[in-house]
Colleague: 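I have a structure I would like to understand better, so I am pasting it below and will then ask my questions one at a time.
Side chains are part of it too, since the values below use all heavy atoms of this structure and drop only hydrogens, waters and symmetry mates.
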Amino acid sequence: MVADRRDLTRRAAFYDMQMPVGASEQLRVRLLGPVRAWRGNDEIDLGSPRRRSVFAILAFHANQGVSREELVDGLWGDDPPAKAVGVLYTYISGLRRVLEPESGRRGGTGVLASVDSGYSLRLAADELDERQFDQQLAAAQRQWESGDLPAALDALDNALSLWHGEPLAGLTGPLVELHRARLDELRRSALEWR
């Protein structure tokens with residue numbers, strides 16, 4: 001268990017280093033339950049389960065490029081449709097419309113950008129509940145190591161309060177299933193530690 005907590009501390013530090021310049025300050029993304037997003041107080045309609053799966057995969061790799069090939073594999077595995085790249089482009093276009101309604105540019109310049117042979121979802125650490133979970137667990141680890149058990153318990157409670165049911169509920173695809181299993185394990189570890 002100690003190794004798992006140290007790994008979470010490293011993950012939180014990585015996310016802090018990856019914060020993009022000019023990322024939207026108003027976006028909030030939930031992966032620790034049904035996938036949802038808000039701009040300010042307004043929920044964003046992310047569309048169909050497949051389009052939500054694309055969004056979730058990009059969110060898990062926030063601020064990093066995800067190739068079209070990785071997205072196709074992540075959505076359909078070994079059985080993609082004949083025009084998978086075209087279908088993927090339709091999902092990306094739809095996501096851009098709802099994530100960047102003020103942007104008329106085809107390539108996206110803010111939240112969802114084209115990079116190399118793929119796409120990157122640009123999110124700050126405080127915009128993604130999974131990152132907040134990691135940060136709260138890292139804070140709990142620091143408090144635990146310093147001997148402040150009540151503060152460690154508070155941080156664990158804060159981390160666990162971010163959960164809103166099954167992670168990635170209602171989504172399918174090989175990569176989504178992999179992330180769901182990983183998140184379930186992280187939650188179980190946090191509950192056991194608490």
Colleague: Is a salt bridge present between Asp126 and Arg131, judged by a nitrogen-to-oxygen distance below 4.0 Å?
Modeller: no

Colleague: Hey, what's the ring geometry for His179 with Phe60, parallel, tilted or perpendicular (30° and 60° as the breaks)?
Modeller: parallel

Colleague: Between Glu100 and Leu112, is there a donor-acceptor pair closer than 3.5 Å when you use the side chain of the first and the backbone of the second?
Modeller: yes

Colleague: Looking only at atom types and distance, does a side-chain atom of Gln64 sit under 3.5 Å from a main-chain N or O of His61, one as donor and one as acceptor?
Modeller: no

Colleague: Please report the closest heavy-atom contact between Pro80 and Val72, naming both atoms and the distance.
Modeller: CB-CG1, 3.8 Å

Colleague: Using every non-hydrogen atom in the two residues, find where Pro101 and Arg39 come nearest and quote the distance to one decimal.
Modeller: CD-NH2, 3.5 Å

Colleague: So Tyr119 and Arg96, do their side chains get closer than 4.5 Å, heavy atoms only?
Modeller: yes

Colleague: With rounding to the nearest 0.5 Å, note down the distance linking CG in Leu168 to CZ in Arg30.
Modeller: 12.0 Å

Colleague: For a quick test of reading the model, state the closest non-hydrogen atom pair linking Ala159 to Phe133 and the distance between them.
Modeller: O-CD1, 3.3 Å

Colleague: Counting N and O atoms only, with roles assigned by atom type, does the side chain of Arg180 sit under 3.5 Å from a partner on the main chain of Pro167, one being a donor and the other an acceptor?
Modeller: yes

Colleague: Counting only heavy atoms not in Glu177 (residues, nucleotides, ligands), do more than 12 fall under 6.0 Å from its CD?
Modeller: yes

Colleague: Within this structure, what is the NZ-OG1 distance for the pair Lys83 and Thr90, rounded to the nearest 0.5 Å?
Modeller: 11.0 Å

Colleague: Does the distance from a Lys or Arg side-chain N to an Asp or Glu carboxylate O, for Glu145 and Arg142, drop under 4.0 Å?
Modeller: no

Colleague: Treating Asp129 as the side-chain partner and Leu31 as the backbone partner, does any N or O pair qualify as donor plus acceptor under 3.5 Å?
Modeller: yes

Colleague: Atom CG of Leu175 and atom OG of Ser53: how far apart are they, to the nearest 0.5 Å?
Modeller: 9.5 Å

Colleague: Does the plane of the ring in Tyr91 sit parallel, tilted or perpendicular to the ring in Trp76? Use 30° and 60° as the thresholds.
Modeller: parallel

Colleague: So does Leu46 get a backbone contact from the side chain of Arg51, meaning a donor-acceptor N/O pair under 3.5 Å?
Modeller: yes

Colleague: Any heavy-atom pair between the side chains of Leu32 and His164 that's under 4.5 Å?
Modeller: no

Colleague: Measure from the side-chain N and O atoms of Arg68 to the backbone N and O of Leu88, and report whether any donor-acceptor pair falls under 3.5 Å.
Modeller: no

Colleague: Passes side chain to side chain contact (heavy atoms under 4.5 Å, CB included), Arg122 versus Val111? Steps please.
Modeller: CA-CA 5 Å; Arg122 297 177 177 173; Val111 178; 5.6 Å; no

Colleague: For the CG atom of Leu186 and the CD atom of Glu130, what is their distance to the nearest 0.5 Å?
Modeller: 7.5 Å

Colleague: To the closest 0.5 Å, what do you measure between CD (Gln135) and CG (Leu128)?
Modeller: 9.5 Å

Colleague: Kindly indicate whether the side chain of Leu58, heavy atoms from C-beta on, has any atom under 4.5 Å from the side chain of Leu71.
Modeller: yes

Colleague: If hydrophobic clusters are built by linking Ile, Leu, Val, Met, Phe, Trp and Tyr wherever their side-chain heavy atoms come under 4.5 Å apart, do Trp38 and Leu27 end up in the same one?
Modeller: no

Colleague: Looking at Ile92, Leu121, Ile44, which one forms a side-chain contact (heavy atoms from CB on, under 4.5 Å) with Phe55?
Modeller: Leu121

Colleague: Which heavy atom of Pro49 sits nearest a heavy atom of Gly170, and at what distance?
Modeller: CB-O, 4.0 Å

Colleague: May I ask you to decide if Gly40's main-chain N or O and Arg28's side chain share a donor-acceptor pair within less than 3.5 Å?
Modeller: yes

Colleague: Does any N or O in the side chain of Asp116 come within less than 3.5 Å of the main-chain N or O of Gly118, such that one atom is a donor and the other an acceptor?
Modeller: no

Colleague: If you compare all heavy atoms of Ala56 against all heavy atoms of Val35, which two are closest, and at what distance to 0.1 Å?
Modeller: CB-CG2, 4.2 Å

Colleague: Can you give me the closest heavy-atom contact between Asp73 and Pro174, atom names plus distance?
Modeller: O-CG, 3.7 Å

Colleague: Would Glu185 and Arg182 pass as an ion pair if we require N to O under 4.0 Å?
Modeller: no

Colleague: Look at the side chain of Asp148 and the backbone N and O of Gln143, then say whether any donor-acceptor pair between them is shorter than 3.5 Å.
Modeller: no

Colleague: Do the side chain of Arg52 and the main chain of Leu171 share a donor and acceptor less than 3.5 angstrom apart?
Modeller: no

Colleague: Tell me, with the steps shown, if Ser189 and Glu192 meet side-chain hydrogen bond (donor to acceptor under 3.5 Å, both in side chains).
Modeller: CA-CA 5 Å; Ser189 293; Glu192 288 172 13; 5.3 Å; no

Colleague: Stepwise, does the side chain to side chain contact (heavy atoms under 4.5 Å, CB included) test hold for Val29 with Arg36?
Modeller: CA-CA 6 Å; Val29 175; Arg36 297 172 72 186; over 6 Å; no

